[in-house]
Number of protein chains: 2
Amino acid sequence: MALLDSNKHLQDSVLNGVNPDLASERLTASFSVEELTARLDGGAEHTRMRRAIVGAIESDPVFSRENQYFQSQNERYEAAVRRAVYLQKKMREMGWTENGPEVKCIYRWLSGDIALLLHRIFMRSISVLGSEKQVAKWIPLATDYQIIGSYAQTELGHGTYLQGLETTAIFDIATQEFILNTPKISAMKWWPGDMGRSATHTVVFAQLYVHGKCYGVHPFIVQIRSLQDHLPCPGVTVGDIGPKMNFEHVDNGYLMLQNVRIPRENMLSKFCEVQPDGTYVRWGSQKINYFTMTAVRISILSEEVILPLMKACTIAVRYSAVRRQSKLKPFSGEQEAKILDYQTQQQKLLPQLAAAYAFHFINIYLHELFNSGYQEIQGRNFDSLPELHAFSSGFKAMVTQYCTSGVEICLRACGGHGYSLLSGLPSLYTKVLASCIYEGENTVLFLQTARFLIKCFKAASAGQPIPPSVTYLSSTKPRECPAKDKLDFLNPDIYMKAYEQMAIRLLSSSAAKLQHLILSGVEKHEAWNQCTVQLAKAAKAHCHYLTVKNFVATVEKLDNKAGIQKIMKHLCDLFALHGIFSNAGDFLYDGYLSGAQMDLVTASYLDLLAVIRKDAVPLVDAFDFTDKSLNSALGAYDGQVYQRLYEWAQKSPSNLQVSPAYAKYLKPLLQNTLSKL
Amino acid sequence: MALLDSNKHLQDSVLNGVNPDLASERLTASFSVEELTARLDGGAEHTRMRRAIVGAIESDPVFSRENQYFQSQNERYEAAVRRAVYLQKKMREMGWTENGPEVKCIYRWLSGDIALLLHRIFMRSISVLGSEKQVAKWIPLATDYQIIGSYAQTELGHGTYLQGLETTAIFDIATQEFILNTPKISAMKWWPGDMGRSATHTVVFAQLYVHGKCYGVHPFIVQIRSLQDHLPCPGVTVGDIGPKMNFEHVDNGYLMLQNVRIPRENMLSKFCEVQPDGTYVRWGSQKINYFTMTAVRISILSEEVILPLMKACTIAVRYSAVRRQSKLKPFSGEQEAKILDYQTQQQKLLPQLAAAYAFHFINIYLHELFNSGYQEIQGRNFDSLPELHAFSSGFKAMVTQYCTSGVEICLRACGGHGYSLLSGLPSLYTKVLASCIYEGENTVLFLQTARFLIKCFKAASAGQPIPPSVTYLSSTKPRECPAKDKLDFLNPDIYMKAYEQMAIRLLSSSAAKLQHLILSGVEKHEAWNQCTVQLAKAAKAHCHYLTVKNFVATVEKLDNKAGIQKIMKHLCDLFALHGIFSNAGDFLYDGYLSGAQMDLVTASYLDLLAVIRKDAVPLVDAFDFTDKSLNSALGAYDGQVYQRLYEWAQKSPSNLQVSPAYAKYLKPLLQNTLSKL
């Protein structure tokens, strides 16, 4: 408590109700939190703007999340629709545009907790795939919510494998209509958001048939509910698919179509058309579709995947600086230790914190890459598409997988209180887990990256040119790592080279196995299948290596901010060494690292934990989440965790109602007890 | 379909509505599923009994889980209380005793989905810790549910570290009462099951004070609710802690005590007592308490941890044999492939299946160990206690961690449908996840095992005798693994030796580091902290090794059943080689395995996937879960997954009610659209 008397900042904190255990963590930051926040935001100007917008939203009761953890699926859905409609009104009033910076801030704050997000995908797909006439007809209606759209692609029986979709659209020349059908139960549309209870229209993906010939999957605008009474249109069966691990507020739906007729004009026809006489015409390039899918995978990373990890780190690190448990020095008179002072707790949380920064930076890199790729494509140069596709697939898979596991580690590291919904961690986990599944199943995605890498590897071996991101594949293999001291492993050149060699080795050995199998007579597809475990691993290693490399490059560019650069260098080292420590086999396998060197890696890695621990709280503070945005009883800025858990628990519906269970089942048992006691 | 015509069994299946894709998997079993089931049950007699009991429960609507995934916390609680009260009545009617085999079957089937389980812990703690007089007074009341008990140990501020509990019990000589208090908010009891809304009494653990002196934590029986109207007693604040990731049916509670007075006789006093004049007397051994805690950790493994993994495997394997996605051979005319035929899917699911068997067998071993330990203790021989404690801690941590990760892998491997609550997988995951946290936090537990191992290692180095399970620590280190061919890695002696060496190496290097730090002047407790990451890893490796060793021994004993022995040998090999493949660094580190040998491990491991894949469905069938017990739209015996998902979804409350959101928010937007379309 001596600290308390001597320190103005800490005194202020206590006066403001901040737990002294947390306040003291903020006194010793080795860098300016405000500066780091501005850098993460992309400038102090943007930080100010974001804070102003967040302030405006948080003061609006429509956006309150106060009772979120207590609400049923029906209540969550209703609140989410209310927000969506209200937000649209507010945007009009404020003059904010759909793609403006304000709306981005709002969606970041909302973290997806709003309805009608698929309505936006509905609009985007019409904009991209529709003819000018179609865009002119549908977009204004959708913009004003005069119709509500959804996007019906996935079916009960088919997700990632789109060619397998079974819904049919048969052209009827006589009436100039398409007749849509769900030929069997597995063809039922399943999962589309906003479709279960909200949408009046949807874009249906179906196999196009003209004169009995199948032309593959095409998009059609289909009205599914009456605009008068919201009842399903004739031939339409539509409903909600029921409870999920999260996304209670979204009405993911099912849709069955029985001889539903739509006019010829409702097939989205920017790239192809069925003419009145049944002639199928295709023009333009379909590659742009491919690019859209690619872009979506990258666009989800920031808000849907990395943000949850940042929030989970914030909650877990702050809690661990407040939670005291057991004594480091047994039988001593001293206070119990903060759990953040235990090496095992540091080893759980700090690598996740480093990863959150690593992924934030790779996300920026990926966006830059996409923007320049997009410009090339506008100029009809499609050369970068394969690389972009490989990037988007592999990084989507790696980042979602890593972040999911990271959030789970944070949850478990908070013990029982982490398991309470009130900690905010369970909903972060169940949300980020979904990202491993949607927008392409991760294993399938890794294998798409692997296919690209194998091609590049072959090209490199044949001396042909390959894209810049994979030129390392043609580098020559050094015999072994030159590190002699644990400090050598804080040299980025040392660990980057280790990652590079590891990634090359995993890919080249997969390629060799594939080659060997094919040469020994195994059919190509079967040989591929027999190599997929190793190929997926190689693809992941490639992405991991590029993430380390990009982190190193980012740190180098921070040379004008010494304090920030120093702590970022620590995080970069930690991210890299944790990866080596956790995947030791991949580095030891061919002797590139020796066992003795692995000991040095371990020593440096464990040393870093103790170093970064000192800045752990400022490092999560820099993410700049408001308490309302975190919505966590454990993670609030003031660290008053026990008080808040108690206050929030009292509001639970399980406390507001005397359960009928007492009168029905317990009272009859208990009523005669008194005489016996 | 030729198969269909030629095969009676398959024809029958189809007639019975079994999906032919699943039926065909059952035709080729290399062993008798019925025989394997009987073996898992511990005899055909027991299988028959279990099936009869399960049949009786499932025909009883009180035990129906039909709408479980749609219920609110309040509804789940009410249903669970109803079941508990009803079950007690049924037990009396049927003459089933608390510890009889029938009740065990029922609880296995219920999988914890019943209220008043803490009431049983309340009773157990009185039986174990109470004097004869106390047992005679309280047990009959509790047996008849004339009082309802809970067990209030954990506080907001303290879980695993019991010495830190802050609730106080001060003896008042004048009135011969204890005065119980919650001195601060962190001292509030938090988490006890059955306390939030049900219990009338609870065992409170509090720091005992007599004449101002603290005697440490002791148990007290405290009445918390009126027996007349169920309202909290004077000085008692009690309620429900609100929503959690699972266990909605359990009223985990909070409890605050303000000058609550209880008679001196309410301190449980088998081992110690405060006499009327305030003299504190202790007698008997407290070691038996220690043993109880140990036993509880082992007792949860079967039903709460391994069973969920078995269920998750059953669901995911059956679904993967029915789900077809994409073509293994592109552009071919053949049907899409079952996802179970993809190597990557096999690599996800089959190691989990092997682990489920491995843990089933180690669980039997642990129970045998405990039973013999218990007999020794009855004879006042406490020699085996440290080993038993180390076992229970380490295995609880390893098995819960592995099973949690295994269930999550199964969930993800089912893609989007796995994410639906209707798959049953989310609730299995959230349930098993809790087991990593309760009954001792896993990292703390691993470190307790590590402490025991370090002691044994030192003793072994000094030539002193050590317990049988750790004698391997004194074995001499061979230079390297002799395997030369991939088939050598199907030799249990080869892989057991590799595990043994790895476990010894991890422990000895931790011990050396610890020693080195202490010799270089670091304080003991700080040195320990700096080694904890490595110590926890060493403890886990020890448990992993013993699990492999026990699986090998189990397979050897199956020599009278050739078919079963063969498939179990495959599973044992898979479990062992998957462990080496996934933790390659630990085996490569000191060169015990070379990179070339690791390639052989990988080859054998991948070969095994293809072998076991053929028996995957029969292997999960052998777990013998009924459809109602699985409660999964994806995992039912008949494989009609799409039909069932659709049927169940229609029953969701989100479909039974027109959301007020339409009339309130959407209708006003849509009502003027019609004129524009």
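Every chain is numbered from 1, with letters handed out A, B, ... down the list of sequences. Computed from a prediction, not measured in an experiment: that's the story for all the values here.
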Query raised in the report: Using non-hydrogen atoms only, which part of A/Asn252 is less than 4.5 Å away from chain B: side chain, backbone, both, or neither?
Result: neither
Report summary line: From the list A/Leu425, A/Leu433, A/Asp251, the residue making the most non-hydrogen contacts under 4.5 Å with chain B is A/Leu433
**Report entry** Contact class of A/Tyr429 relative to chain B, heavy atoms under 4.5 angstrom
**Finding:** side chain
**Report entry** Heavy-atom contact with chain A under 4.5 Å, split by part of B/Leu447
**Finding:** side chain
Query raised in the report: Taking the six-membered ring for Trp, are B/His417 and B/Tyr642 parallel (under 30°), tilted (30 to 60°) or perpendicular (over 60°)?
Result: perpendicular
Query raised in the report: Under a 4.5 Å heavy-atom cut-off, does chain B meet the side chain of A/Leu156, its backbone, both or neither?
Result: both
Query - Per-residue contact mode, B/Glu336 against chain A (heavy atom under 4.5 angstrom) - result: side chain
Query raised in the report: With a 4.5 angstrom heavy-atom cut-off, which part of B/Glu408 approaches chain A: side chain, backbone, both or neither?
Result: side chain
Requested in this report: Heavy-atom distances under 4.5 Å only: say whether A/Ile437 touches chain B with side chain, backbone, both or neither.
Outcome: side chain
Query raised in the report: Side chain, backbone, both or neither: which part of A/Ser509 has a non-hydrogen atom closer than 4.5 Å to chain B?
Result: neither
Report task. Can you tell which part of B/Gln228 gets under 4.5 Å to a heavy atom of chain A, answering side chain, backbone, both or neither? Result -> both
Report task. For a side-chain contact (heavy atoms from CB on, under 4.5 Å) with A/Thr443, tell me which candidate from B/Lys348, B/Arg412, B/Gln345 qualifies. Result -> B/Lys348
Query raised in the report: Heavy-atom distance under 4.5 Å to chain A: side chain of B/Ser72, backbone, both or neither?
Result: neither
**Report entry** A/Tyr342 portion near chain B, given a 4.5 angstrom heavy-atom threshold
**Finding:** both
Query - Under 4.5 Å from a heavy atom of chain A, the part of B/Lys664 involved - result: side chain
Query raised in the report: Is it the side chain or the backbone of B/Asp586 that comes within 4.5 Å of chain A heavy atoms, both, or neither?
Result: neither
Query - Segment of B/Leu411 engaging chain A (4.5 angstrom heavy-atom cut-off) - result: side chain
**Report entry** Heavy-atom proximity to chain B below 4.5 Å, by part of A/Lys524
**Finding:** neither
Requested in this report: Check side-chain contact (heavy atoms from CB on, under 4.5 Å) between A/Val85 and all other residues, then give those that pass, not counting sequence neighbours.
Outcome: A/Val81, B/Tyr665, B/Leu666, B/Leu669
Query raised in the report: Which bit of B/Asn529 comes within less than 4.5 Å of chain A, counting heavy atoms only: side chain, backbone, both or neither?
Result: both
Query raised in the report: In terms of heavy-atom proximity below 4.5 Å to chain A, should B/Ser582 be classed as side chain, backbone, both, or neither?
Result: neither
Requested in this report: Under 4.5 Å heavy-atom distance to chain A, tell me which part of B/Trp190 shows up: side chain, backbone, both or neither.
Outcome: side chain
Requested in this report: Examine whether an atom of B/Tyr69 lies under 4.5 Å from a heavy atom of chain A, and if so say whether it belongs to the side chain, the backbone or both; otherwise answer neither.
Outcome: both
**Report entry** Pair A/Gln530, A/Glu526: side-chain N/O donor-acceptor within cut-off below 3.5 Å
**Finding:** yes
Requested in this report: Counting only heavy atoms closer than 4.5 Å, note whether B/Arg323 contacts chain A via side chain, backbone, both or neither.
Outcome: side chain
**Report entry** Under 4.5 Å from a heavy atom of chain A, the part of B/Thr160 involved
**Finding:** backbone
Report summary line: Cut-off 4.5 Å, heavy atoms of chain B, and the answer for A/Gln73 is side chain
